[in-house]
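Step one of this worksheet: look at the structure below.
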Amino acid sequence: MAYNLKKEAEKKERLAGGHRLCAGCGAGITVRGVLRALEPEDKAVIVNATSCLEVSTFMYPYTAYEDSFIHSAFENAAATCAGVERAYRALRARGKVEDNFKFITFGGDGGTYDIGLQSLSGAIERGHDMVYVCYDNEAYMNTGIQRSSSTPRFADATTSPVGSKTQGKQQNKKDLTAILAAHGSPYVAQTALIGNMKDLHEKARKAIYTEGACFLNVLSPCPRGWRYDAADLAEISKLAVETCVWPLYEVEDGVWNLTYEPKEKLPVEDFLRKQGRFAHMFKPGNEWMIEEAQEYVDRKWAQLLARCNR
C-alpha cells in the first residue's frame, strides 16, 4: 500500500500524550510511527522490555498505550510476545477470539542487542507471527548511560569513559540487523526518524503485515546520552543517514535492498560534531579517531552496497 501522509495523519494515536519521555527523545516518535502503520480495524498487543520507554509510558495501573500492554523483564520481551501470539492462535482456532490482533514488541538496544538477544533469536527462529522493534539509542540510557554492544566506537559513556588511558568505547557497534537477517526472518529492516517518516511507515507496515517473525531496527537518538539540544533531534537523525553511519535498507526473504542512497555522502564528522559524547574526537591530536571512524563507515557502506548489488 502506497504511503499517504494525509491518511496516516488522520489515524487515531495509539500512544497517548502525557507520557514522561524526555524532550528530544527518539523513542516516542519511533513508537508513534510504528503504531501508525496499523490499520484502524486491527488491534494490537504491545510488549515492552524494561527500558526508558517502559518506565516513561507505564506506571501501574496506568499506561500511555491505547492497545493491550504487557511489561516484560529486560531479557524476555520477545519470548513474552511469542507466548501471547501462540495463545492467541490457539484461542482463535477454538473460536474464542474473533478480533484481528497484531503482536509488537518494543525494546531498547540494551534489551535487544545484549540481554534479550537469546530470547529474540529464539522467537525469530521459531517463526512467531510478531514484530520486534528495537529503538536503538546506543547505550543503557535508563540506568545511567552505560555502554552496550550497540554503542559506537569512541563514544563517551559511563562505563567507557574518556580519560588518560582510554578514549571512549574501544569496540565498533554490533551489526544486529545483519545478524537477524542471517536468521532467515521473512522481513528485517533498518530505518530512522525525522526526515524519513515515509521510510519508517512503509517498513513498519511491511513488518507488521508480513507473516512470521520480523525485526525493525530504528535509530532513536537520546538527548541525555548523546548530549545534544532537544531541538537538534531532526538534524541528528538526518545526518546519521546522510553520512551513512545509519544506512536505510531492508532484507525481504533474503534479498537485500537499499531503500535510500544519499545524493552526496557527507563526512562522518558532520554527524559526530553535533554530539557531546564525541567531543574529545575533535581535540588536537585526536584526528586519527575521526579518520578511523570514517574508514569504518566507508567499509560498512561498501559491504552493504555489494549485498544490495549496487
Side-chain angles (χ1 to χ4, degrees), residues 14-35 44-87 102-124 128 130-151 155 157-160 173-174 176-177 179-180 193 204 207 213-226:
R14 293 185 182 238
L15 182 70
H19 54 68
R20 299 179 303 280
L21 287 164
C22 298
C25 171
I29 300 173
T30 296
V31 173
R32 292 176 65 199
V34 170
L35 297 185
V45 174
I46 309 299
V47 178
N48 195 180
T50 298
S51 60
C52 286
L53 179 63
E54 178 271 317
V55 300
S56 299
T57 59
F58 171 70
M59 180 181 291
Y60 183 82
Y62 304 105
T63 174
Y65 291 94
E66 299 292 344
D67 292 282
S68 300
F69 175 83
I70 302 174
H71 167 215
S72 74
F74 224 155
E75 68 275 9
N76 68 341
T80 299
C81 192
V84 177
E85 181 269 343
R86 191 53 54 92
K102 297 299 180 181
F103 300 88
I104 305 172
T105 300
F106 290 103
D109 53 281
T112 307
Y113 282 68
D114 298 339
I115 299 174
L117 181 57
Q118 181 182 25
S119 171
L120 175 57
S121 176
I124 296 289
H128 294 275
M130 57 177 278
V131 181
Y132 191 108
V133 180
C134 175
Y135 70 94
D136 187 354
N137 55 29
E138 299 191 327
Y140 290 87
M141 301 304 183
N142 184 44
T143 54
I145 317 177
Q146 299 93 341
R147 58 88 85 191
S148 75
S149 62
S150 171
T151 306
T158 55
T159 51
S160 61
K173 180 184 177 85
K174 181 191 291 183
L176 183 63
T177 310
I179 291 170
L180 292 178
L193 302 177
C214 301
F215 177 73
L216 199 61
N217 206 359
V218 188
L219 187 67
S220 304
C222 170
R224 291 195 67 246
W226 294 22

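Quick caveat: nothing in here was measured; it's all calculated off a predicted structure.
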- Query: Looking only at heavy atoms, which two atoms of F103 and V84 are closest? And how far apart?
  - Reply: CE2-CG1, 3.6 Å
- Query: For S149, which residues count as a side-chain contact (heavy atoms from CB on, under 4.5 Å) partner, sequence neighbours excluded?
  - Reply: Y113, D114, K174
- Without swapping roles, check the side chain of T158 against the backbone of I145 for a donor-acceptor pair under 3.5 Å. yes
- Query: Got more than 12 heavy atoms from elsewhere within 6.0 Å of CZ, R32?
  - Reply: no
- Mind checking what makes side-chain contact (heavy atoms from CB on, under 4.5 Å) contact with I115, not counting sequence neighbours? F74, E75, Y140
- Note on the structure: Correct closest heavy-atom pair for C81 and T105 would be CB-OG1, 3.0 Å
- Without swapping roles, check the side chain of S56 against the backbone of H19 for a donor-acceptor pair under 3.5 Å. no
- Closest heavy-atom pair and its distance - S51, N48: OG-ND2, 3.6 Å
- Shortest non-hydrogen contact from T50 to H71? OG1-NE2, 2.8 Å
- Task: Name all pairs fulfilling the salt bridge (Lys or Arg N to Asp or Glu O under 4.0 Å) condition that reach into residues 45-69, sequence neighbours left out, sorted by first residue then second.
- Result: R14-D67
- Could you tell me whether the side chain of I29 reaches within less than 4.5 Å of the side chain of V218, counting heavy atoms only? no
- Task: State, with a plain yes or no, whether a side-chain heavy atom of L35 is found less than 4.5 Å away from one of I46.
- Result: yes
- Task: Measure the CG-CG distance between L180 and L120 for me, rounded to the nearest 0.5 Å.
- Result: 5.0 Å
- Message: Can you tell me how the ring of Y65 sits relative to the ring of F69, calling it parallel under 30°, perpendicular over 60° and tilted otherwise?
- Response: parallel
- Task: With rounding to the nearest 0.5 Å, note down the distance linking CD1 in I104 to SG in C214.
- Result: 11.0 Å
- Message: Going by the rule side chain to side chain donor-acceptor pair (under 3.5 Å), which residues pair with T112 if we only count those two or more places apart in sequence or in a different chain?
- Response: Y132
- Message: Using modelled atom types and a 3.5 Å cut-off, is there a donor and acceptor pairing between side-chain atoms of S121 and backbone atoms of L117?
- Response: no
- Note on the structure: Applied to residues 130-142, the salt bridge (Lys or Arg N to Asp or Glu O under 4.0 Å) test, sequence neighbours excluded, yields D136-K173, E138-K173, E138-R277
- Task: Could you list the residues that satisfy side chain to side chain donor-acceptor pair (under 3.5 Å) with R86, not counting sequence neighbours?
- Result: H128
- Of all residues at least two apart in sequence or in a different chain, which pass the side-chain contact (heavy atoms from CB on, under 4.5 Å) check with S119? A78, A79
- Note on the structure: CG (L216) and OG1 (T30) are apart, to the nearest 0.5 Å, by 9.0 Å
- Message: I'd like to check the side chain to side chain donor-acceptor pair (under 3.5 Å) partners of S68; sequence neighbours left out, ordered by chain and number.
- Response: none
- CG/L176 to OG/S148 distance, rounded to the nearest 0.5 angstrom? 10.0 Å
- For the pair N137 (side chain) and S220 (backbone), establish whether a donor and an acceptor sit closer than 3.5 Å, ignoring hydrogens and angles. no
- Message: Tell me every residue that passes side chain to side chain donor-acceptor pair (under 3.5 Å) with R224, counting only those two or more places apart in sequence or in another chain.
- Response: none
- Task: With sequence neighbours left out, write down each residue that passes side-chain contact (heavy atoms from CB on, under 4.5 Å) with T80, or none if nothing qualifies.
- Result: V47, I70, S72, N76
- Note on the structure: Shortest non-hydrogen pair, Y135 vs L53, comes out as OH-N, 3.1 Å
